[in-house]
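All remarks here apply to the structure that follows.
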Amino acid sequence: MKVIGLLVLLGLSPMTAFASCNIDFEVQGELDSTLQYQLTYYNTLHSRKTMDLNNLTAFTKNNIELPGCPQKHKADLTMTYTKEGTSYIVFESHLFPNQSSIYFSHSNTLAFRSCAGCDSQQYTYVAKEIQRQGMDKELNALVVQQADYLDYLRYADVRAVFGERSKAIVNAAIEAGYITPPNIGAINEKPPHTRDVIKQWLAILAPQKSFKNILGAKTRQQDAFADYGVMTDKISLTNPTFFDQLTNLTKGFKDKTIFTGEVQSLIAPFLSTTDADIKKLVSMINESLSQALSLPEQVNNVVISKGDINNPKPDDSARLIANWFRLLHTIESGTPEQLAMFSAQFRAGVMTDILNRDDSKQKILVAAIKKYSKAIRYSPLKSSDKDVAAYNMLLDEFKGKVEGNGKRLTLKDAESGQQLEWVYENNSWKLDAVLIK
């Protein structure tokens, strides 16, 4: 917008600021010598120029001067004629940047309508494949019978006859240029679940929460105790509120040293017992406490070994970020391995926020975990491999948006105002911060 504003200040419109565009074009189809043909050129959203095509000869190179070549994006060209006050579309085609010649044909018209997102090579391939399959001859027969067949009010008619077949050709052209994802994990039909994701994290990062889960799993095992009822009665004789106190210990958040002391104080009266079931319960409590206290350290000790994720100086930063999201998608929810995909600082921030009754990072975690599954969901419906299509969608999304600075990578998205940062830590790249402006 700043460039256009400057051109206006200089007394130049954006269209006239660029040099004229001289191109060769060839009509590969029959023409009616009694008709006057026009060419409408759409270079940008707000520029449209219609010009007469005089002395036009089919299957012969013709030359035309266009008001400005396309710079960054392809331009649209539509060839028409007017008869008895009604305009009829004959052919359509694209002109890509740095392209010096174009063709008008029924195969190019079908490519034009079915290959909106194609680059120059893909577009050329699609047009040739449409011609090879004889779809251009089918379209010609329909246009001969119905002059208004290519009118956009009849777009559904064209799509009904050619839509599925042309789309299959387009998908094949696009997939031919796909990059295959690295073998860094199995993509399952169902992505990792994100329901209560903060609770999943707390079950690992907060010792009292993981203690409750681990001890509960142990006590629920079949034949864990010879007689659970008798055991609880015996414990109640010594401490009538033992189990209520045990439950209360797992509530809230405490320093691990304080929590350990409280658990040890609660079971101290039973350390010298000779009752087999009570001894087993005390043993389960001690084992659960030890395991719960070790879980956060387990996360720190997880070493991710997945190719590019371990490269401190990636050759392709956009691809590394796509690899990161894909790998996160393959890891089971609520595991040390999943938490290890995030930096120690990020994990500590989650805990700090929870202590301050702030669960705002929940939506960030959910979005990160679901990023790849969303790409799979929105990848082309006819893609033969949804995983490959999703991976390449992310590559396109991240291209040109990732910046590297030492052991940090930054993904900036100006449209959403978001900035994601990764840090190289413990031999792999980990998500470290998410900034929303």
Side-chain angles (χ1 to χ4, degrees), residues 181-214 216-217 253 256 288 291-311 319-355 358-377 387 390-391 394 398 409 411 418 420-434:
N183 184 20
I184 58 175
I187 297 296
N188 300 318
E189 289 186 10
K190 291 185 178 180
H193 64 88
T194 54
R195 188 174 182 180
D196 297 327
V197 67
I198 288 294
K199 288 185 179 180
Q200 296 172 22
W201 276 48
L202 290 180
I204 293 176
L205 297 178
Q208 58 270 47
K209 303 301 180 185
S210 51
F211 170 78
K212 177 183 178 181
N213 294 336
I214 295 168
F253 300 94
K256 64 180 181 180
S288 300
Q291 291 175 27
L293 293 174
S294 70
L295 275 176
E297 192 59 32
Q298 283 184 37
V299 177
N300 294 331
N301 292 333
V302 169
V303 176
I304 299 170
S305 182
K306 298 292 181 181
D308 286 352
I309 299 294
N310 307 112
N311 186 356
R319 184 168 181 174
L320 185 142
I321 300 304
N323 291 348
W324 187 90
F325 280 110
R326 185 173 181 273
L327 178 60
L328 181 64
H329 177 89
T330 70
I331 299 174
E332 185 179 350
S333 295
T335 60
E337 288 73 23
Q338 187 187 72
L339 273 65
M341 294 288 288
F342 300 81
S343 72
Q345 175 179 283
F346 187 95
R347 299 193 301 269
V350 171
M351 288 300 298
T352 300
D353 288 351
I354 294 303
L355 291 173
D358 177 2
D359 65 353
S360 59
K361 279 196 172 67
Q362 168 129 334
K363 62 183 180 182
I364 292 173
L365 289 170
V366 169
I369 295 169
K370 284 188 171 182
K371 180 73 173 178
Y372 202 77
S373 58
K374 275 194 172 182
I376 289 176
R377 187 187 314 162
D387 177 22
Y391 185 74
L394 290 187
F398 300 152
L409 290 176
L411 172 63
Q418 294 183 355
L420 283 70
E421 298 179 5
W422 281 261
V423 63
Y424 192 75
E425 177 182 279
N426 196 20
N427 197 45
S428 66
W429 288 98
K430 303 175 187 294
L431 186 63
D432 186 57
V434 176

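Counting begins at 1 with the first residue of the sequence.
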I'd like to check [X] versus [Y] (side-chain heavy atoms, cut-off strictly below 4.5 Å). Are they in contact?
X    : Y    : answer
N323 : P182 : yes
V350 : Q362 : no
I369 : Q338 : yes
P192 : H329 : yes
Q298 : L295 : yes
E337 : T330 : no
S428 : W422 : no
L420 : I321 : no

Non-hydrogen atoms of [X] and [Y] that approach each other most closely:
X    : Y    : value
Y424 : N310 : OH-O, 2.6 Å
L409 : L320 : CD1-CD2, 3.8 Å
A322 : L394 : CB-CB, 4.2 Å
Y372 : I187 : CE2-CD1, 3.9 Å
A340 : I304 : O-CD1, 3.7 Å
S210 : A203 : CB-O, 2.6 Å

Whether [X] side chain and [Y] backbone form a donor-acceptor pair below 3.5 Å:
X    : Y    : result
D353 : D358 : no
T194 : V197 : no
E425 : K430 : no

Sole residue of Y391, F342, F398 in ring-ring contact (aromatic ring centres under 6.0 Å, His included) with W324:
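So the option named by the test is F342.
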Rounded to the nearest 0.5 Å, what separates atom CD in Q208 from atom CG in L202?
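Answer for the CD-CG pair, Q208 versus L202, is 9.0 Å.
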To the nearest 0.5 Å, tell me how far I309 CD1 sits from N427 CG.
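If we round to the nearest 0.5 Å, I309:CD1 and N427:CG are 11.5 Å apart.
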Answer yes or no: does atom NZ of K361 have more than 12 heavy-atom neighbours from other residues, nucleotides or ligands under 6.0 Å?
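Above 12, so yes.
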So which pairs with a foot in residues 319-330 pass salt bridge (charged side-chain N to carboxylate O under 4.0 Å, His left out), sequence neighbours left out?
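Every salt bridge (charged side-chain N to carboxylate O under 4.0 Å, His left out) pair that includes a residue of residues 319-330, provided the two are not neighbours, is R326-D387.
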I354 and W201: side-chain contact (heavy atoms from CB on, under 4.5 Å), yes or no, with the steps?
CA-CA 11 Å; I354 294 303; W201 276 48; over 6 Å; no
Yes or no on side-chain contact (heavy atoms from CB on, under 4.5 Å) for L431 and M341, after CA distance, side-chain angles and deciding distance?
CA-CA 7 Å; L431 186 63; M341 294 288 288; over 6 Å; no
